[in-house]
Q: 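Can you keep this structure in mind? I'll have questions shortly.
The structure displayed is predicted, hence computed values, not measured ones. Within every chain, numbering begins at 1; the chains are lettered A, B, ... in the order of the sequence lines, protein sequences first and strands thereafter.
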Protein chains: 2
Amino acid sequence: MSKPVVPRPTDTELAILRVLWERGASTVRQVHDTLLRERPTAYTTALKMLQIMTEKGLVRRDESDRTHIYHAKLTEEQTQRQLVRDLLDRAFGGSSSKLVMQALATRRASSEELTEIRKLIAQSGNTGETQGRTENTEATQGKRREVGDDRD
Amino acid sequence: MSKPVVPRPTDTELAILRVLWERGASTVRQVHDTLLRERPTAYTTALKMLQIMTEKGLVRRDESDRTHIYHAKLTEEQTQRQLVRDLLDRAFGGSSSKLVMQALATRRASSEELTEIRKLIAQSGNTGETQGRTENTEATQGKRREVGDDRD
DNA sequence: TATTGTCAACGAAGACTTTCGTAGGGCAGG
DNA sequence: CCTGCCCTACGAAAGTCTTCGTTGACAATA
């Protein structure tokens, strides 16, 4: 009932976390190279961010090699849940139905999304317990990531 | 290629917006008094925040009287939509079904909430025949985020 | 061995947030 | 007219976020 184990990631931190989730454990160099595809940025910026994120506990660092390796402490799903909960508290008075409503109003929900969502709702007939495992229903959208790995 | 008309409110700004949504147009004094119920804070803090929020366009100020009157520029729903869209982009790759999933996993969804949500989904069902283009969902990073419809 | 390249660690600048003290104007009651 | 109260406007302090240049350690290579 206290503070989250990890603080809410900032925008930049989230961008880095996305990289780590996508690539898995990575070096600063790899994170930086990936970040470069989106926007120009200096290597030391990525390094500094990862150092700070380590202090905050957002990522873990393996220092056994000279070139450190970072990986996200929480999974993407855990972080998403944290962010949703946070937003729920800050802007929705805790009402998840309102949040869902706005999510639908977003117009980003394609018909496939809607179908998927409907399925989710149907499953969650049970309210008492936790949703059990966070199924990775990524069937929603084909995985079309161009993971054209840099080099390595 | 227009940026959101208003910036994403910070935590404190959101707290103030909540007051304005709840009370309707209010004076600094009224906002401050309401804020006091949650946490101790100085009058000038509320004043300063409202001044800044006016500059940012988050609120409007009626200066016709010596005691100014502030009101939120966007409705609660508009802001919620903006925040959801924002979160969708930053942490969910645009997938609203994933967001809904996490909203449900939050365990905050009471059975009434679930019922409500189910109703929503059912309604949005007939949206199925989304005429026009259904915006391909894979635009994970929308370059163009129009928030055009901020009018009521 | 000298050179070149990679890497972590700082430190600091600049922008943004949040908080509050102080100042000055207006206004009502004395 | 003076006093005290309420109001707005500043500005500054402290904290956070983001970015990047510089430095020194290491290592591979010529």
Q: Would you check if A:S96 and A:L88 make a side-chain contact, meaning some heavy-atom pair closer than 4.5 Å?
A: yes

Q: Write down the distance between CG (A:L47) and P (D:dG21), rounded to a whole number of angstrom.
A: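 A:L47 atom CG is separated from D:dG21 atom P by 13 Å.
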
Q: How far apart are the closest heavy atoms of A:K73 and A:R60, and which atoms are they?
A: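 Nearest pair, atom of A:K73 first, then A:R60: CE-NH2, 3.4 Å.
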
Q: Counting distance only, does the side-chain N/O of A:Q82 pair as donor-acceptor with the main-chain N or O of A:V6 below 3.5 Å?
A: yes

Q: Which residues pass the ring pair (Phe, Tyr, Trp, His ring centres under 6.0 Å) test with A:H32, not counting sequence neighbours?
A: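 Counting only residues at least two positions away or on another chain, A:H32 forms a ring pair (Phe, Tyr, Trp, His ring centres under 6.0 Å) with A:Y43.
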
Q: Ignoring hydrogens, what is the shortest heavy-atom contact between B:P9 and B:L83? Give both atom names and the distance.
A: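 Scanning both residues completely, I find the closest heavy atoms to be CD-CD2, 4.4 Å.
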
Q: Dump the intermediate steps for side-chain hydrogen bond (donor to acceptor under 3.5 Å, both in side chains) on B:S64 and B:D62, then the final yes or no.
A: CA-CA 6 Å; B:S64 50; B:D62 176 352; 2.5 Å; yes

Q: Is A:D33 salt-bridged to A:R23, cutoff N-O under 4.0 Å?
A: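 No, A:D33 and A:R23 are not salt-bridged.
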
Q: Only counting residues at least two apart or in another chain, list the ones meeting side chain to side chain donor-acceptor pair (under 3.5 Å) with A:T79.
A: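 Scan of A:T79 (side chain to side chain donor-acceptor pair (under 3.5 Å), adjacent residues dropped) gives none.
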
Q: Atom CD of B:E55 to atom C1' of D:dA9: distance rounded to whole Å?
A: 11 Å

Q: Send over the distance from A:Q51 CD to D:dC17 P, rounded to a whole Å.
A: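 From A:Q51 CD to D:dC17 P: 16 Å.
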
Q: Of all of residues 17-25 of chain B, which get a heavy atom below 4.0 angstrom from DNA chain C, listed by number?
A: none

Q: What pairs of nitrogen or oxygen atoms, one from the protein and one from nucleotides 5-7 of chain D, lie under 3.5 Å apart?
A:
residue	atom	partner	partner atom	Å
D:dC6	O2	B:R66	NH2	3.1
D:dC7	OP2	B:R29	NE	2.8
D:dC7	OP2	B:R29	NH2	2.5

Q: Using a 3.5 Å cut-off and no angle test, enumerate the donor-acceptor pairs between side-chain atoms of residues 12-22 of chain B and protein atoms at least two apart in sequence or in another chain.
A:
residue	atom	partner	partner atom	Å
B:E13	OE1	B:T10	N	2.8
B:E13	OE1	B:T10	OG1	3.3
B:E13	OE2	B:K56	NZ	2.6
B:R18	NH1	A:R90	O	2.4
B:W21	NE1	B:L74	O	3.1

Q: Round to a whole Å and report the spacing from CE of A:M53 to P of D:dT19.
A: 12 Å

Q: Would you mind reading off the distance between A:H32 atom NE2 and C:dA8 atom C1', rounded to a whole angstrom?
A: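 After rounding, the gap between these two atoms is 15 Å.
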
Q: Give the rounded distance in Å between these two atoms: CD of A:E63 and P of D:dC26.
A: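 Result: 15 Å.
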
Q: D:dC20 P sits how many Å from A:L36 CG, rounded?
A: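 In whole Å, D:dC20 P and A:L36 CG are 10 Å from each other.
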
Q: First locate atom OG1 of B:T54, then atom CE of B:M49, and finally report the distance between them rounded to the nearest 0.5 Å.
A: 10.5 Å

Q: Do A:Y70 and A:M53 come within less than 4.5 Å of each other through their side chains, counting heavy atoms only?
A: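 Answer no - side chains too far apart.
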
Q: Summarise how protein sits on nucleotides 17-22 of chain C as a single string, 5' to 3': B when a protein heavy atom is under 4.0 Å from the base, S for sugar-phosphate-only contact, - for no contact.
A: SBBBBB

